[in-house]
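Each remark here refers to the structure printed beneath this line.
Letters A, B, ... mirror the listed sequences (proteins, then strands); counts begin at 1.
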There are 2 protein chains.
Amino acid sequence: MGTTQLETVPEPKYWHLKTVLSEALDSDFAVGEILPNERELASRFGVARATLRQALEQLELEGRLQRRRGVGTTVAPPRVGVDVGASQHGWPGAAGDAWQPVDCASAVPPVAVVRMLDFDAEDEVHVVRRLRVTNGQPVAAELLYVPDASVPDLAAIEAPSGAARARSVLRELQRLVMDGQDRAVELGSARADDAKELDRLPGAPVLVVTTRYFAEGRTAAVSVATYRADTCRLTFGDSGDVEISHHGQERRAS
Amino acid sequence: MGTTQLETVPEPKYWHLKTVLSEALDSDFAVGEILPNERELASRFGVARATLRQALEQLELEGRLQRRRGVGTTVAPPRVGVDVGASQHGWPGAAGDAWQPVDCASAVPPVAVVRMLDFDAEDEVHVVRRLRVTNGQPVAAELLYVPDASVPDLAAIEAPSGAARARSVLRELQRLVMDGQDRAVELGSARADDAKELDRLPGAPVLVVTTRYFAEGRTAAVSVATYRADTCRLTFGDSGDVEISHHGQERRAS
DNA sequence: TAGTGGTCTAGACCACCAG
DNA sequence: TGGTGGTCTAGACCACTAG
């Protein structure tokens, strides 16, 4: 028995590769630095490009790498903490929230949203599109579904669509007294339109935050926000301004 | 110009495949039903197996499919809502929480955890392993890091490891007065040990919930819980007992 | 032991970006 | 226009599960 290691559990190559690359990132690379291209890396490690890519995909999923077609693979900065908790107690669009209204239209919401609203028919609702930007980078895209019943005094005269309309809907929403809200987080993949807003390819992993707003005994609005899973860490409570990362120093904003 | 469709944006095959399969799942399959195997599906759609797999991977990521080696691909049930919010206000291990202690050991925590604890040195802490089970299925695995300073009266005489030791640490923790807690959610991939507990392959996508518990002006404990991203929807607030899915009926538990 | 999904290869072509 | 990552192919072998 000259073997020093049991070979009973042969580790997949891409898994081992991921470990090696991860350690190399810690020691030999700085944030923003460009890695050798995939063909070069693959031949350097003696594996097929597809295998190398499998390792890179995992590292990108974990927020360690950022890959852009036509450019290259770079070392990603630590994930940014995005507050989706206590400080958001209030209607969407309240003063100082992190979202920027982009557009508004009327449409029949998807089935899942219809179920959350107290809706029987396939009526149209106001659909407000908003974008959340942090440090100049888009981190989330939201669709906010508002039944007409929640904004009865919305003047039909105003712009029927566009950012101005979006602001009108949000303004009218503020007049309701909120009973409470509800949040859920799950993993999803970016739809084509969200992907475009988030500067990612369709299918990119996203954290989907679904919020129900209650008022007057009903569900007054439903928000479906998709956050870039590669760059974001969703925070609840008062940890929003603390940066936690495997590779940086902890910093508390002043 | 006999073309009825603009070809300016050639959709990737796997993306189109995903759409087709998704619609087929809605109309032609029941939860738990077994799909044809990958080679069969690939030839049926006239694509390479790798391309077909790319589509299946996305659908699995979205919780629509479940794949098990040696068995096959089945239609997944709707994601289960797992409460990680208000009802969890209290120390881990408090009466009636959803976790089941499995083991306990002493070890030096990873760097990221050391930073969250108010630790300078590389001292050992108690590491409690717990498992969260819902409907008989494991949904999350947790590592709870407790510095010795948080449980000063822990008798060294008791079992030095195992589930009994875990319960002792949790019991001692209850004696502290909690100042508050902190939560963050991010995407990760399952480590080998977590994957085993969750009955998944290493690298499977997980939602990592990091919780800091504060007491006596310090960080008294840190919990790192990894939830199966394919089967779980994390809920905050009072929506924990409501099932929301694309394909089922909304139900409110009595 | 037969059949499943998981891993891996060595190519090819395409879409995109910067110089 | 050259170089990058993204998509796709047609194979091969392996690890695991169930009968």
Side-chain angles (χ1 to χ4, degrees), chain A residues 6-19 21 33-61 64-76 189-190 192 195-196 199-205 230, chain B residues 6-19 21 33-61 64-76 189-190 192 195-196 199-205 230:
Chain A
L6 288 176
E7 298 284 352
T8 52
V9 183
E11 206 174 39
K13 276 190 186 177
Y14 79 91
W15 187 259
H16 181 241
L17 246 185
K18 184 192 136 183
T19 308
L21 283 170
E33 196 169 342
I34 299 183
L35 269 64
N37 70 54
E38 296 183 350
R39 291 159 180 89
E40 163 73 19
L41 281 175
S43 79
R44 191 181 295 188
F45 286 105
V47 299
R49 190 178 158 218
T51 305
L52 186 269
R53 278 179 61 83
Q54 208 169 344
L56 294 185
E57 266 153 34
Q58 285 239 353
L59 290 170
E60 190 178 30
L61 198 78
R64 304 286 309 272
L65 292 179
Q66 191 161 349
R67 298 192 289 173
R68 275 172 303 176
R69 171 158 50 181
V71 179
T73 302
T74 59
V75 181
S189 51
K196 192 167 190 180
D199 193 27
R200 298 258 60 196
L201 290 177
D230 55 344
Chain B
L6 288 176
E7 298 285 351
T8 52
V9 181
E11 205 175 38
K13 275 190 188 179
Y14 79 91
W15 187 259
H16 181 240
L17 246 185
K18 183 191 139 186
T19 308
L21 283 169
E33 196 168 344
I34 299 183
L35 269 63
N37 71 56
E38 297 183 349
R39 290 159 181 87
E40 163 72 19
L41 281 176
S43 79
R44 190 180 295 188
F45 286 106
V47 299
R49 189 177 159 219
T51 305
L52 186 269
R53 277 180 61 82
Q54 208 170 343
L56 294 185
E57 266 152 34
Q58 285 238 354
L59 289 169
E60 190 178 31
L61 198 79
R64 303 287 308 272
L65 292 178
Q66 191 161 350
R67 297 192 290 173
R68 274 174 304 175
R69 170 159 50 180
V71 179
T73 302
T74 59
V75 180
S189 51
K196 193 166 190 178
D199 192 27
R200 297 259 61 195
L201 290 177
D230 54 343

Tell me whether the OP1 or OP2 atom of [N] has a side-chain N or O from [X] closer than 4.0 Å.
| X | N | result |
| --- | --- | --- |
| A:Asn37 | D:dT4 | yes |
| B:Arg68 | D:dC16 | no |
| B:Tyr14 | D:dT7 | yes |

Please say which of A:Arg64, A:Arg200, A:Gln66 ends up in a side-chain hydrogen bond (donor to acceptor under 3.5 Å, both in side chains) with A:Asp230.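 When A:Arg64, A:Arg200, A:Gln66 are each tested with A:Asp230, the side-chain hydrogen bond (donor to acceptor under 3.5 Å, both in side chains) holds only for A:Arg200.
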Identify which one of B:Glu40, B:Gln54, B:Glu38 satisfies the side-chain hydrogen bond (donor to acceptor under 3.5 Å, both in side chains) criterion when paired with B:Arg49.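 The option that passes is B:Glu38.
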Please give, in whole Å, the distance from [N] [atom2] to [X] [atom1]?
| X | N | atom1 | atom2 | value |
| --- | --- | --- | --- | --- |
| A:Glu60 | D:dT4 | CD | C1' | 14 Å |
| B:Leu201 | D:dC16 | CG | C1' | 10 Å |
| A:Gln66 | D:dT4 | CD | C1' | 15 Å |
| A:Leu35 | D:dG3 | CG | C1' | 16 Å |
| B:Ile34 | D:dG19 | CD1 | C1' | 14 Å |
| A:Gln54 | C:dG6 | CD | C1' | 9 Å |
| A:Arg53 | D:dT4 | CZ | C1' | 11 Å |
| B:Arg200 | D:dC16 | CZ | P | 15 Å |

Are the side chains of B:Leu41 and B:Thr73 in touch, meaning some heavy atoms are under 4.5 Å apart?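 A side-chain contact is absent here, since even the closest heavy-atom pair is not under 4.5 Å.
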A correct dot-bracket answer for DNA chain D, with pairs being Watson-Crick or G-U at under 3.5 Å, [ ] for crossing pairs and | for inter-strand pairs, is ||||||||||||||||||.
Kindly point out which of D:dT7, C:dT4, D:dG6 is positioned nearest to the side chain of A:Arg67?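 Taking heavy atoms from C-beta onward, the closest nucleotide is D:dG6.
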More than 12 heavy atoms of other groups within 6.0 Å of A:Asn37 CG: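 Yes, CG of A:Asn37 has more than 12 neighbouring heavy atoms, counting only those of other groups under 6.0 Å.
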Crowded around B:Arg68 CZ? As in, over 12 foreign heavy atoms under 6.0 Å?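 Counting neighbours around CZ of B:Arg68, 12 or fewer heavy atoms of other residues, nucleotides or ligands fall under 6.0 Å, so no.
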Tell me, for nucleotides 9-19 of chain C in 5' to 3' order, what letter each nucleotide earns: B for a base near a protein heavy atom under 4.0 Å, S for only sugar-phosphate near one, - for neither? B--BB-BBB--
